[in-house]
2 protein chains.
Amino acid sequence: MEIPEEIEDWIESIGGMERIIGNLPDEKSLENRSRTYKALSDPIRLKILHLLSMHPLCVCLIKQAVGISDSKLSYHLSVLKSAELIKGVRKRNWIIYEITEKGLRYVD
Amino acid sequence: MEIPEEIEDWIESIGGMERIIGNLPDEKSLENRSRTYKALSDPIRLKILHLLSMHPLCVCLIKQAVGISDSKLSYHLSVLKSAELIKGVRKRNWIIYEITEKGLRYVD
DNA sequence: TCACCATTTCAAGTTTTTTTGAAACCGCAA
DNA sequence: TTGCGGTTTCAAAAAAACTTGAAATGGTGA
């Protein structure tokens with residue numbers, strides 16, 4: 001396999017392809033990061049995240065703001081929650097969702 | 001619809017639900033952001049991004065580092081490229097991919 | 001206990017993304 | 001030209017994500 005000279009020199013200088021490959025993040029952390037990004041990869045979910053960055057809210061108000069069906073909202077909340085971007089705490093009849101530290105890093 | 005008192009007060013204080021909804025990012029920018037995140041939501045693509053953050057590389061070397069088939073690699077490169085996280089420039093027989101400014105913001 | 005409200009769960013259907021292998025493309029050198 | 005290496009494109013199949021409406025859950029107050 002031929003490769004461009006400039007690149008070949010760089011690889012040489014850095015200690016070979018093995019070294020380069022060794023510098024890549026491990027599978028585990030790539031998986032983790034990609035899972036977070038997947039949770040963020042939907043406009044509805046980004047909207048919810050923004051909303052919750054202003055103040056914790058019950059599902060019924062999130063629903064009012066986002067304008068989708070209960071079960072659809074519930075699905076998206078669960079995606080954000082398993083990515084630990086939001087968390088929900090029960091309060092009487094409601095579940096109040098709030099953004100996490102981690103979630104906050106992805107808004108604005 | 002009943003809602004928790006503390007939340008009701010907050011909504012009141014900020015000028016009502018309409019004001020809150022008005023503060024959300026517009027659909028367009030939510031779509032854009034979610035599209036970027038979608039491109040980042042795969043471990044293979046994150047790995048490629050990391051790799052290219054070290055140095056521009058031809059497809060054949062990316063392939064060596066990532067260890068997947070040509071067409072699969074090409075697919076993932078195209079996803080990263082349409083999100084403008086990387087760009088490719090032709091050089092003789094090769095196409096050299098390099099990370100963009102934007103791409104750089106998402107590595108490390 | 002019962003009925004009710006807010007919310008989640010479930011299963012089925014739909015859409016989108018990813019994988020695969022074969023075929024095509026493109027520039028170059030013989 | 002012709003052939004070749006490097007890379008992309010294509011179409012079909014597989015897998016994953018999303019949507020839908022109906023049914024279930026779980027706490028609460030009567």
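To find a chain, count down the sequence lines: A is the first, B the second, and so on, and within it residues start at 1.
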Novice: Would you tabulate the side-chain donor-acceptor contacts of residues 52-62 of chain A under 3.5 Å, counting partners in other chains and residues two or more places apart, or write 'none'?
Specialist:
{"residue": "A:Ser53", "atom": "OG", "partner": "A:His50", "partner atom": "O", "Å": "2.5"}
{"residue": "A:His55", "atom": "NE2", "partner": "B:Glu6", "partner atom": "OE2", "Å": "3.1"}

Novice: Can you give each donor-acceptor pair under 3.5 Å made by side-chain atoms of residues 81-88 of chain B, sequence neighbours left out, with the distance rounded to 0.1 Å?
Specialist:
{"residue": "B:Ser82", "atom": "OG", "partner": "B:Ser78", "partner atom": "O", "Å": "2.7"}

Novice: Quick check: on DNA chain D, is the nucleotide nearest A:Asn93 upstream (toward 5') of the one nearest B:Lys38, or the reverse? Name the residue that is more 5'.
Specialist: B:Lys38
Novice: Could you state the atom-to-atom distance from CG of B:Leu73 to P of D:dG6 in whole Å?
Specialist: 14 Å
Novice: Hey, are the side chains of B:Asp26 and B:Ser29 touching, using non-hydrogen atoms and a 4.5 Å cut-off?
Specialist: yes
Novice: Would you call the rings of B:Tyr37 and A:Tyr37 parallel, tilted or perpendicular, where under 30° means parallel and over 60° means perpendicular?
Specialist: parallel
Novice: If an axis is fit to five pairs at each end of the helix from C:dT1-D:dA30 to C:dA30-D:dT1, what is the angle between the two, to the nearest 10°?
Specialist: 10°
Novice: Collect all protein-nucleotide pairs involving nucleotides 20-25 of chain D in which both atoms are nitrogen or oxygen and the distance is under 3.5 Å.
Specialist:
{"residue": "D:dG21", "atom": "N7", "partner": "A:Ser71", "partner atom": "OG", "Å": "3.3"}
{"residue": "D:dG21", "atom": "O6", "partner": "A:Ser71", "partner atom": "OG", "Å": "3.3"}

Novice: Give the first and the last nucleotide of DNA chain C, reading 5' to 3', that has any atom under 4.0 Å from a heavy atom of chain A.
Specialist: C:dC5 to C:dT9
Novice: Output the rounded distance in Å from CZ (A:Arg90) to P (D:dG26).
Specialist: 9 Å
Novice: Ignoring the backbone of B:Ile95, work out which of D:dG5, D:dC18, D:dT8 is nearest its side chain.
Specialist: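 Nearest listed nucleotide: D:dT8.
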Novice: Start at the 5' end of DNA chain D and walk down; is the nucleotide closest to A:Arg45 or to A:Ile3 reached first?
Specialist: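 With A:Arg45 and A:Ile3 compared, the 5'-side residue is A:Ile3.
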Novice: Indicate, with yes or no, if A:Ile7 and B:Ile95 share a hydrophobic cluster defined by side-chain heavy-atom contacts under 4.5 Å among Ile, Leu, Val, Met, Phe, Trp and Tyr.
Specialist: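 The answer is yes; both residues are in one hydrophobic cluster.
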Novice: Decide side chain to side chain donor-acceptor pair (under 3.5 Å) for A:Lys102 and A:Thr36; before the verdict, give the C-alpha distance in whole Å, the side-chain angles of both, and the deciding distance to 0.1 Å.
Specialist: CA-CA 10 Å; A:Lys102 179 180 174 186; A:Thr36 298; 3.0 Å; yes
Novice: Quick one: is D:dG6 close enough that its OP1 or OP2 comes under 4.0 Å of any side-chain N or O from B:Arg92?
Specialist: no
Novice: Could you check if a side-chain atom of B:Ile48 sits within less than 4.5 angstrom of a side-chain atom of B:His76, using non-hydrogen atoms only?
Specialist: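 Side-chain contact under 4.5 Å: yes.
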Novice: Check the distance between D:dG6's C1' and B:Leu77's CG and give it to me in whole angstrom.
Specialist: 13 Å
Novice: Where along residues 47-63 of chain B does a heavy atom come under 4.0 Å from DNA chain C, residue by residue in number order?
Specialist: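 By residue number: none to list.
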